[in-house]
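Each ligand, and each atom within it, is numbered from 1 in the order the structure gives. Heavy-atom basis, side chains included; hydrogens, waters and symmetry copies ignored. Just so you know, residue 1 is the first one in the sequence shown, and it goes up from there.
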Amino acid sequence: MTEKLLIAANWKMNDAPTGFDAPDSPYRPKPDIDVVVFATHMDIARCVECGIVTGGQGARPEAKGAFTGDVSMSMLRSRGCTHVLCGHSERRKFHEESDAFVAEQAKAALALGLIPIVCVGETLDERTSGKEKDVVRKQLESIPAAVNVIAYEPVWAIGTGKNATPAEAQEMHAFIRSLRPDTRIIYGGSLSAANARDLLSQPDIDGGLIGGASLKVDEFRTIVETGRAL
Ligand code: PGA
């Protein structure tokens, strides 16, 4: 892929880091790299107001209705979001979101002009039993063809400090690329300032989805600058 790298911050259930809106903030748009921030619903407005490219961490496909505690894709869109995460493993685990539901979310997002970033990835058990590609293939099968950003996030690497090695990540990204040729494929799972260069320089890694390290302004800046320098 010849596109710019995409660096996405996933703040999860954390407040926007102090200084996220500073004039030199690494979360702000840059000319030579795409930066997107997935904020909590509470912080979406603050991010949009200061010009950050902002996404929701999830939403239901219906436009409105009796879904206590949820928001809709159309609400994200009308509040200025351009992106939405779908199928993050934490949503699959804690909210029992299925492949079918993730597909509905992605379709609803696409219909509204939101860019869905759909997450896939295997658990540690699935990898140790050699099923990681089967699992990822199955997750990919239900994702609408029009989705053009996929995040490969091995579940065992998320929030653990144990990232996939560049070779492991590259191998899976190449596999995903073989199934979805025109897709941006970003890596997530303990991506940090320390491993950003090695991961982001892999030929089939088109960017990163960053959780913990995206809450530390200086570390996130280093990751963004590492990506810009590649
Ligand atoms: P992590 O999270 O960088 O803290 O591992 C990544 C993610 O869950 O998107």
Do Phe175 and Tyr152 come within less than 4.5 Å of each other through their side chains, counting heavy atoms only? no

Atoms of ligand 1 under 4.0 Å from any heavy atom of His88, numbered from 1 in the order shown, are 7 (C), 8 (O), 9 (O)

Just heavy atoms, cut-off under 4.0 Å: does Ser214 contact ligand 1 by side chain, backbone, both, or neither? neither

Other residues, nucleotides, ligands: >12 heavy atoms within 6.0 Å of Glu171 CD: no

Please state whether the rings of Tyr187 and His173 are parallel, tilted or perpendicular, taking 30° and 60° as the class boundaries. tilted

Does Gly189 reach ligand 1, in the sense of a heavy atom lying below 4.0 Å from it? yes

Answer with yes or no whether the side chains of His88 and Gln57 bring together a donor and an acceptor at under 3.5 Å. no

Any carboxylate oxygen within less than 4.0 angstrom of a Lys/Arg side-chain nitrogen, looking at Arg46 and Asp43? yes

Closer than 4.0 Å to some heavy atom of Ser190 - which atoms of ligand 1 meet that? 1 (P), 3 (O), 5 (O)

I'd like to check which ligand 1 atoms, numbered from 1 as shown, lie under 4.0 Å from a non-hydrogen atom of Gly212. 1 (P), 3 (O), 4 (O)

SG/Cys81 to CZ/Phe38 distance, rounded to the nearest 0.5 angstrom? 8.5 Å

heavy-atom search around atom 2 (O) of ligand 1 in the protein gives Lys12 NZ, 3.3 Å

With atoms numbered from 1 as shown, which atoms in ligand 1 lie under 4.0 angstrom from a non-hydrogen atom of Glu153? 6 (C), 7 (C), 8 (O), 9 (O)

Specify side chain, backbone, both or neither for Ile158, according to which of its non-hydrogen atoms lie closer than 4.0 Å to ligand 1. both

Does the distance from a Lys or Arg side-chain N to an Asp or Glu carboxylate O, for Glu141 and Lys138, drop under 4.0 Å? no

Distance check, rounded to the nearest 0.5 Å: Thr40 atom OG1 versus Met13 atom CE? 9.5 Å

Looking only at heavy atoms of Gly159, does any of them come nearer than 4.0 Å to an atom of ligand 1? yes

Atoms of ligand 1 less than 4.0 Å from Ala157 heavy atoms? 5 (O)

Closest protein heavy atom (residue, atom, distance) for atom 3 (O) of ligand 1: Gly211 N, 2.8 Å

Within 4.0 Å of some non-hydrogen atom of Leu209, the atoms of ligand 1 are 6 (C), 9 (O)

